Student: 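Dropping the structure in here first, questions after.
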Amino acid sequence: MARILIAGCGDVGTTLGLALNAAGHAVWGLKRHPGDLPPGLQPLAADLTDSATLNALPPGLDAVVYTAAAADFSKVDYEAVYIAGVRNLLAALKRTGQHPLRLLFTSSTSVYAQHHGEWVDEDSPAEAKGFSGRCIRLGEQLLWDSGWPAVAVRFGGIYGPGRTRLIDSVREGSAIRPAGPPLYTNRIHRDDCARVLEHLLDLSDPERLYLAVDDDPAPLAEVLGWLAEQLGVPEPPLATQPALKPGAETRRNPALRLRASKRCSNARLRASGFTFRYPGYREGYGALLTVNR
Ligand SMILES: NC(=O)c1ccc[n+]([C@@H]2O[C@H](COP(=O)([O-])OP(=O)(O)OC[C@H]3O[C@@H](n4cnc5c(N)ncnc54)[C@H](OP(=O)(O)O)[C@@H]3O)[C@@H](O)[C@H]2O)c1
């Protein structure tokens with residue numbers, strides 16, 4: 001039985017924690033408001049941005065998984081959660097005399113600046129221009145520099161139960177298919193996120209970095225069209241122009257605003273022995289649509 005701390009224990013962290021607990025491990029879920037954690041996770045009320053609250057970490061931790069997410073899309077929040085929070089937690093682990101055998105950090109494919117539909121993998125430059133990708137990239141580095149064995153996992157867009165923004169936008173008629181060259185999107189189901197993290201906790205000699213996306217970096221227009229077909233609603237209209245400048249269309253459709261078009265390879269993750277429960281959007285969204293019907 002291992003002793004595992006999940007720091008910033010939200011949707012992915014809780015799903016992981018329940019699986020780890022079911023496998024016989026002792027799991028602590030750290031967050032500011034832990035009252036909503038389900039039985040099986042031991043609640044730990046603390047604020048990663050406030051070192052003084054991190055003195056009561058459980059002793060003898062074998063593994064720590066950092067899954068905190070910024071609540072707002074702001075530089076202040078990203079710096080607080082992905083840089084200061086990581087730094088504070090690492091310092092607290094040292095202060096409390098811990099020797100974790102493995103640290104995991106939930107990173108993001110937003111660390112890549114590539115946006116012309118090119119393939120990227122773990123060896124591609126990760127030189128995001130925006131504050132979000134840059135902060136997350138710094139968080140990865142802090143873990144790698146900690147002196148403890150650390151693995152960063154770069155997730156694509158997470159969807160799953162309760163995370164149905166794209167489905168809702170098609171159903172409501174507010175989605176817009178991007179015009180111009182294919183806008184490739186990368187995603188992973190929430191349950192597969194948790195399964196990837198569990199897999200990497202178990203792996204005997206992991207690499208320090210994995211991209212975690214499903215097998216199908218499909219163009220956004222294709223995904224929207226497929227969803228419309230499944231929902232029996234009209235295909236979302238095509239944007240009037242390919243230039244993705246800020247404006248009404250991009251405000252209504254955040255995927256356009258990001259302007260990111262890249263295809264992330266999951267070859268390293270698959271070579272490590274991981275198999276997806278939802279290998280593509282059809283399987284993942286299909287399961288959600290079945291539940292929501
Ligand atoms: N959303 C995506 O598509 C996406 C894509 C790539 C990577 N990721 C990453 O995947 C990870 C898991 O995401 P998720 O969807 O599970 O996030 P989530 O459900 O929003 O959970 C994040 C948790 O972090 C906690 N938290 C935030 N600030 C904190 C602080 N200062 N101190 C302690 N806890 C704090 C929050 O709980 P309290 O409010 O109670 O503190 C929340 O429950 C995150 O690192 C995220 O950045 C997400």
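Since the model is a prediction, treat every value here as computed from it, not as a measurement. In each ligand, atom 1 is the first atom listed, and ligand 1 is the first ligand listed.
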Student: What protein heavy atom lies closest to atom 6 (C) of ligand 1? Include the residue and the distance to one decimal.
Tutor: F155 O, 3.3 Å
Student: Going by an N to O cut-off under 4.0 Å, is there a salt bridge joining R268 and D121?
Tutor: no
Student: Quick one: which of A7, A71, G10 has a heavy atom closest to atom 43 (O) of ligand 1?
Tutor: G10
Student: Give the atoms of ligand 1, by number and element, whose distance to some non-hydrogen atom of D47 is under 4.0 Å.
Tutor: 30 (C), 31 (N), 32 (N)
Student: What's the verdict on salt bridge (charged side-chain N to carboxylate O under 4.0 Å, His left out) for R171 and D168, showing C-alpha distance, side-chain angles and the deciding distance?
Tutor: CA-CA 5 Å; R171 188 182 274 124; D168 299 340; 3.7 Å; yes
Student: Consider side chain to side chain donor-acceptor pair (under 3.5 Å). Of R195, R190, E198, which one does T15 pass it with?
Tutor: R190
Student: Tell me, please: is F105 in heavy-atom contact with ligand 1, that is, under 4.0 Å?
Tutor: no
Student: Among all protein heavy atoms, pick out the one at the shortest distance from atom 37 (O) of ligand 1; state its residue, atom name and that distance to 0.1 Å.
Tutor: K31 CE, 3.3 Å
Student: Can you list the atoms of ligand 1 that are under 4.0 Å from a heavy atom of A46?
Tutor: 32 (N), 33 (C)
Student: List ligand 1 atoms under 4.0 Å from H33, heavy atoms only on the residue side.
Tutor: 39 (O), 40 (O)
Student: Taking the side chain as every heavy atom from C-beta outward, state whether R282 and D216 have any atom pair closer than 4.5 Å.
Tutor: yes
Student: Is a side-chain donor-acceptor pair under 3.5 Å present for E222 with Y281?
Tutor: yes
Student: Identify, for atom 1 (N) of ligand 1, the protein heavy atom at the shortest distance, and state residue, atom and that distance.
Tutor: R163 NH2, 3.2 Å
Student: State, without any angle test, whether D47 and T49 hold a side-chain donor-acceptor pair at a distance under 3.5 Å.
Tutor: yes
Student: Which residue owns the protein heavy atom closest to atom 11 (C) of ligand 1, what's the atom, and how far is it?
Tutor: T106 OG1, 3.2 Å
Student: Could you tell me whether S110 approaches ligand 1 through its side chain, its backbone, both or neither, with non-hydrogen atoms closer than 4.0 Å?
Tutor: neither
Student: Flag this pair as yes if the NZ/CZ of R154 is under 6.0 angstrom from the six-membered ring centre of F105 and inside a 45 degree cone about the axis; otherwise no.
Tutor: no
Student: Please could you name the atoms of ligand 1 that V12 approaches to less than 4.0 Å, counting only its heavy atoms?
Tutor: 12 (C), 16 (O)
Student: Can you sort out which atoms of ligand 1 are near C9, meaning under 4.0 Å from one of its heavy atoms?
Tutor: 43 (O)
Student: Have a look at A68, A84, A194, A69 and point out the one with the heavy atom closest to atom 45 (O) of ligand 1.
Tutor: A68
Student: In the protein, what heavy atom is nearest to atom 8 (N) of ligand 1, and what distance, to one decimal place, separates them?
Tutor: I158 CD1, 3.8 Å
Student: Can you tell me which residue and heavy atom of the protein come closest to atom 18 (P) of ligand 1, and the distance to 0.1 Å?
Tutor: D11 N, 4.0 Å
Student: Which residue owns the protein heavy atom closest to atom 7 (C) of ligand 1, what's the atom, and how far is it?
Tutor: S107 O, 3.1 Å
Student: Report the part of A70 (side chain from C-beta onward, or backbone N, CA, C, O) that has a heavy atom under 4.0 Å from ligand 1; answer both or neither where that applies.
Tutor: neither
Student: Using only heavy-atom distances, determine whether the side chains of H199 and S272 contain a donor-acceptor pair under 3.5 Å.
Tutor: yes
Student: Taking both backbone and side-chain atoms of L48, is any N or O found less than 3.5 Å from an N or O belonging to ligand 1?
Tutor: yes
Student: Could you tell me whether the side chain of I167 reaches within less than 4.5 Å of the side chain of L289, counting heavy atoms only?
Tutor: yes
Student: For atom 39 (O) of ligand 1, find the nearest protein heavy atom and state the residue, atom name and distance (0.1 Å precision).
Tutor: R32 NH2, 3.0 Å
Student: If the cut-off is 4.0 Å to any non-hydrogen atom of G156, which atoms of ligand 1 fall inside it?
Tutor: 5 (C), 6 (C)
Student: So which pairs with a foot in residues 83-108 pass salt bridge (charged side-chain N to carboxylate O under 4.0 Å, His left out), sequence neighbours left out?
Tutor: none
Student: For ligand 1, indicate whether the residue R154 contacts it via side chain, backbone, both or neither (heavy-atom separation under 4.0 Å).
Tutor: neither
Student: Does L44 reach the side chain of P58, with side-chain heavy atoms less than 4.5 Å apart?
Tutor: yes
Student: Looking at L203, V196, N266, which one forms a side chain to side chain contact (heavy atoms under 4.5 Å, CB included) with Y210?
Tutor: L203
Student: Quick one: look at C193 and ligand 1, take heavy-atom pairs under 4.0 Å, and tell me if it's side chain, backbone, both or neither.
Tutor: neither
Student: If you measure only the distance, is there a donor-acceptor pair under 3.5 Å linking the side chains of T185 and R187?
Tutor: yes
Student: May I ask you to list the atoms of ligand 1 that are less than 4.0 angstrom from any heavy atom of G157?
Tutor: 3 (O)
Student: Taking heavy atoms and a distance under 4.0 Å, where does Y66 meet ligand 1: side chain, backbone, both or neither?
Tutor: neither
Student: Are the charged groups of R263 and E118 less than 4.0 angstrom apart, N to O?
Tutor: no
